[in-house]
Amino acid sequence: MKKILLVLSVTFLISGISYAQNQEEAKNVRELGHTNQNKFKQMYDEFATPNMYRTGSGAPGPAYYQQQADYKMDIELDDKNKKLSGKETITYTNNSPDNLEFLWVQLDQNMRAKDSKTPLIQANGVDPATTPGGFLTKYLAEPFDGGFNITAVKDSNGNPLKYTINRTMMRVEMPKDLASGEKFVFSIDWWYNINDHVNGRGRSGYEEFEDGNRAYVIAQFYPRMAVYNDVEGWQNHQFWGRGEFALPFGNFDVNITVPADHILDGTGVLVNRKEVFTKDMMSRYEAAKKSYNKPVVIVTQKEAIAKEKTFSENKKTWKLKAENVRDFGFATSRRFIWDMMAVKIGGRDIMAVSMYPKEGNPLWEDWSTKVVASTLKSYSRMTFDYPYHKAISVHAKNQGMEYPMICWNYGRPKPDGSYSDRVKYGMMSVIIHEVGHNFFPMIVNSDERQWTWMDEGLNTFVQYVAEQDFGEWYPKALGKDKKYPSRRGPAKKIVPYMSGNQNFLSPIMSQSNNIHQFGPNAYSKPATGLNILRETVMGRDLFDYSFRTYSQRWMFKHPTPEDFFRTMEDASAVDLDWFWRGWFYTTDYTDIGVREVKKYVVSKEPNEKVKEYAASVGAKVEDLGPLVYMVKEGSEEYETIKKNGNIISDAKTLKAYLMDNFSIKEREKLKQPKFFYEITFEKPGGLVMPLIVEYTYEDGTKETITYPAEIWRKNDVEVKRAVASEKAISKIVVDPKQETADIDTSNNSWPQKKKLGKFEQFKNKVKGQ
């Protein structure tokens, strides 16, 4: 018991001294009380209360439901007039516990209607100078008439239904309320003028080539059911052009009629392949199903070139069926080259597919399908096995957009076939990103209209992992580069954004249409935050397990941000409320540094603070028990002790304490430090982060210690750490590998680096050129 009592006496002494000092300071300053502003406060104020639909663990609850919308469509492409028309029948199943008075349908093409309000919400002044094309578009061009023309809305018996169009939303009124568990069948006939997507008109449309041919990438092309859920009822926010889509899952049976010399692919299984494929195409397709390393060309460049002048007057219908998808897209052209390759995912063969005009070669035939295959492997490892039978990458100029099983991607060589590394990596990265969207949000079906980061940010994070995987699996693709040059992911790459003008920064948790700097906010910052969690805060094992748990819990369902936040904590036992609040709900930044370093030596004599404390409690110093006294650098006693050598090895008080409290074996293991430091770390920035410190000793050795973020839990401004060492510390660096997105590294080192003047900075810059 003596050992415990002695330890307690020292502990109470130190606590008593600190308490007395704090009380004395409190007498001098009296402030008003305050609410809990602690950065580690739990997020009950920000999060919705868990319920039977969504649990506190972040998993779907026992009463979770989601609606279903099934489509049967007959679509026809009028290539001559650049027009698309369709007849669709929707079977809507009400799985909610509510009776529905009406249905909401999305009319996204109405963003391009002549009377669209979308251009009017953009604040723009007169440009001092602009290109002739920009001048034409801004001041002289007639609005493009690309909105839906709804020609009929009927029930299953052919009776007209009342409907109201409010810009990009249409309310359909049913003869009676749709009760829980019931289905309602209705049809819509429509057509619209297809837009030229190359010249600034949207995520889908056509590219017209000099020979008069067009390549079509078609999406958002049909009236689509809006989401009805437990969070907000109907999600009927208008489509202003930026916030993308919220859609229910369903089954699709789609017949698409195009010119007979076109080839076509899209969402779903091609059910009449033998009718639309030639014998040669069928033979090549069968070979592609057995090729795992090299794509097999289904339609060759020579064959595509031969069709450029045909402009067939005949028609051909391609039939596609898809189950449990949230959307549908397709691409068609007579100019497409088509290749495929099998990739093994979870014991199943998936077809990686590419479609591209000759303008994409040689870059596309070399890499597109291989990138698709690599992406499916990486994402499946990080989330769940890819459940669909194919993934298609379509080359479309200036495009990067995604739909179930199909996406369009940019990246075009020069006319002579040459291309830079920038073009190559840009093409590879956009393919990885858009193919990755099959997982987020096509399967993990978040609401893009509200929370862009839930699909773009999560997807960009996994994109970074997939890019690094691709570099390892295909080193020849990197050429002289040793590592894939990812644009987003590492913490240091977000620093310019995080340190920007606060007037033009938005919290990640902002509705998509209200975001400043859309790319950094919705893509880069969330992705970087997740990378910091994975590499620095949680570690890969805990993070990856939790991320997979979220992905698998919510595949083919509709998660909210809170479902993600809660699941990451539920599956890891890591309290991350401090991280979500700072990184996602604020525009705070990281800035952590070394404020002060004090050196101490051990003394035989009690210092002034100990004497003062003993007097305050009416005791003698010797009554306090055996103590080790510390003397701070700068005092006369410190210099004397330092001159005579460290006395720790023969200090009677220390020896007595060791003899009384430790066995011989325990004493043999005890280190006897010669150097003592009190290091004060400061945090001028608002964000909480782990305190990563690299200590360099005078013999050149280094040691890195990561103090958990919770070190800031009681003092958000500064913390002190006492360090006892057998070797003298020569240098201290905070965040040596730039893992926390620290925006100001000028205070990260001790001794502090000398700040260079502008002339010295210029000289160094010139030397580095």
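Position 1 is the first residue of the sequence; numbering continues from there.
- No donor-acceptor distance shorter than 3.5 angstrom exists from the side chain of N81 to the backbone of D78, with no hydrogens or angles considered.
- In this structure, the side chain of D447 does not engage the main chain of M454 through any donor-acceptor pair within 3.5 Å.
- No side-chain donor-acceptor contact under 3.5 Å links Q463 and R487.
- Side-chain atoms of T332 come within 3.5 Å of backbone atoms of I263 as a donor-acceptor pair (strictly under, hydrogens ignored).
- Within the 4.5 Å cutoff, side-chain heavy atoms of V423 are placed close to those of L363.
- With N110 contributing its side chain and F148 its backbone, the two residues share a donor-acceptor pair below 3.5 Å.
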_What verdict does the side chain to side chain contact (heavy atoms under 4.5 Å, CB included) test give for M351 and K289, after you've listed the backbone C-alpha separation in whole Å, the side-chain angles of each residue and the deciding distance to 0.1 Å?_
CA-CA 7 Å; M351 296 305 291; K289 292 197 294 186; 4.0 Å; yes

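- Summarising the geometry of S204 relative to A219, their closest heavy-atom pair is OG-O, 3.1 Å, with the distance given to 0.1 Å.
- Taking 4.5 Å as the limit, every side-chain heavy atom of T369 sits out of range of all side-chain heavy atoms of M340.
- In this structure, the side chain of T317 does not engage the main chain of T257 through any donor-acceptor pair within 3.5 Å.
- Using modelled atom types, one side-chain atom of W364 and one backbone atom of G411 make a donor-acceptor pair closer than 3.5 Å.
- Under a 3.5 Å cut-off, the side chain of K424 and the backbone N or O of A477 do form a donor-acceptor pair.
- Using modelled atom types, no side-chain atom of Y464 and backbone atom of T528 make a donor-acceptor pair closer than 3.5 Å.
- Residue-environment remark: NZ (K321) stays at or below the threshold of 12 foreign heavy atoms within 6.0 Å.
- Side-chain polar atoms of S446 and D455 form no donor-acceptor pair below 3.5 angstrom.
- Side-chain contact annotation: T452 with E244, donor-acceptor N/O pair under 3.5 Å absent.
- Judged by the 6.0 Å distance and 45° axis criteria, K557 is not positioned over the aromatic ring of W554.
- By the 4.5 Å heavy-atom criterion applied to side chains, W338 and M355 are counted as neighbours.
- Side-chain polar atoms of E402 and N438 form no donor-acceptor pair below 3.5 angstrom.
- The two residues K344 and D349 have their closest heavy-atom pair at NZ-OD1, 2.9 Å.
- Shown here for L264 and V258, the closest heavy-atom pair between the two residues is CD1-CG1, 3.8 Å.
- By the 30° and 60° cut-offs, the orientation of the rings of Y222 relative to Y71 is perpendicular.
- Cation-pi check for R540 over F543 is not met; the charged atom does not lie both under 6.0 angstrom from the ring centroid and within 45 degrees of its normal.
- Between L320 and F328 the shortest side-chain heavy-atom distance falls below 4.5 Å.
- Defined by atom type and a distance below 3.5 Å, a donor-acceptor pair is present between the side-chain atoms of R488 and S524.
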*Output, in order, the C-alpha distance, side-chain angles, deciding distance and verdict of side chain to side chain contact (heavy atoms under 4.5 Å, CB included) for M382 and V465.*
CA-CA 9 Å; M382 292 295 292; V465 175; 4.2 Å; yes

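- S429 and Y484 share a donor-acceptor pair across their side chains, judged by distance under 3.5 Å alone.
- We find that R534 and E739 are not joined by a salt bridge, their nearest charged nitrogen and carboxylate oxygen being 4.0 Å or further apart.
- In summary, of the residues considered (K307, R335, R334), a salt bridge (Lys or Arg N to Asp or Glu O under 4.0 Å) with D261 occurs for R334 alone.
- For D469 against S378, the heavy-atom pair with the smallest separation is OD2-OG, 2.7 Å.
- Inter-residue side-chain proximity for T300 and I305 is flagged as unmet; no heavy-atom pair is nearer than 4.5 Å.
- Side chain to side chain, S368 and S354 meet the donor-acceptor criterion of an N or O pair below 3.5 Å.
- By the 6.0 Å contact criterion, CD on Q511 is enclosed, its count of non-hydrogen atoms from other residues, nucleotides or ligands being greater than 12.
- Between F564 and Y550, the ring planes lie perpendicular to each other; the angle is over 60°, past the 30° to 60° tilted range.
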*Test side-chain hydrogen bond (donor to acceptor under 3.5 Å, both in side chains) applied to N195 and Y206, step by step*: CA-CA 6 Å; N195 54 296; Y206 66 81; over 6 Å; no

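- Within the 4.5 Å cutoff, the side chain of E365 has heavy atoms near those of the P362 side chain.
- Residues S486 and Q468 bring a donor and an acceptor atom of their side chains to less than 3.5 Å of each other.
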*asked:* side chain to side chain contact (heavy atoms under 4.5 Å, CB included) for W451 and S512? Distances and angles first, verdict last.
replied: CA-CA 6 Å; W451 311 114; S512 60; over 6 Å; no

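- Side-chain contact check for S393 and N409: at least one donor-acceptor pair (N or O, by modelled atom type) lies under 3.5 Å.
- Shown are F461, F384, F547; of these, the ring pair (Phe, Tyr, Trp, His ring centres under 6.0 Å) with F439 is made only by F384.
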*Applying side-chain hydrogen bond (donor to acceptor under 3.5 Å, both in side chains), run through D385 and S380 and close with a yes or a no.*
CA-CA 5 Å; D385 289 343; S380 295; 4.8 Å; no

*Test log, rule ring pair (Phe, Tyr, Trp, His ring centres under 6.0 Å), inputs Y216 and F330*: CA-CA 8 Å; Y216 294 90; F330 68 93; 8.6 Å; no

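- Proximity of I75 to M73: side-chain heavy atoms (C-beta onward) are separated by under 4.5 Å at one or more points.
- In the model, D416 has a side-chain atom that pairs as donor or acceptor with a side-chain atom of S418 under 3.5 Å.
- Within the 3.5 Å criterion, the main-chain N or O of S506 finds a donor-acceptor partner in the side chain of N521.
- The nearest pair of heavy atoms linking A322 to V325 is CB-CG2, 3.8 Å.
- Screening Y379, Y523, W453 against N459 for a side-chain hydrogen bond (donor to acceptor under 3.5 Å, both in side chains) leaves a single residue, Y379.
- Between H437 and E456, the side chains place a donor N or O and an acceptor N or O closer than 3.5 Å (distance only, hydrogens not considered).
- Atom CG of N293 is surrounded by 12 or fewer heavy atoms from other residues, nucleotides or ligands within 6.0 Å.
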_Verdict with supporting geometry, D108 and R224, salt bridge (Lys or Arg N to Asp or Glu O under 4.0 Å)_ = CA-CA 8 Å; D108 306 299; R224 305 185 293 177; 2.6 Å; yes

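- The side chain to side chain contact (heavy atoms under 4.5 Å, CB included) test applied to F556 returns F249, N324, P387, Y388, I443, not counting sequence neighbours.
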_Set out, in order, the CA-CA distance, both residues' side-chain angles and the distance that settles side-chain hydrogen bond (donor to acceptor under 3.5 Å, both in side chains) for H395 and R412, then state yes or no._
CA-CA 8 Å; H395 176 53; R412 182 168 291 183; 3.0 Å; yes

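- Looking only at distances, a side-chain donor or acceptor of Y386 sits under 3.5 Å from a matching main-chain atom of K390.
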*Give the intermediate values and the outcome of salt bridge (Lys or Arg N to Asp or Glu O under 4.0 Å) for residues K82 and E207.*
CA-CA 11 Å; K82 298 174 285 190; E207 174 184 3; over 6 Å; no

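- Between N213 and E308, the closest side-chain pair of non-hydrogen atoms falls below 4.5 Å.
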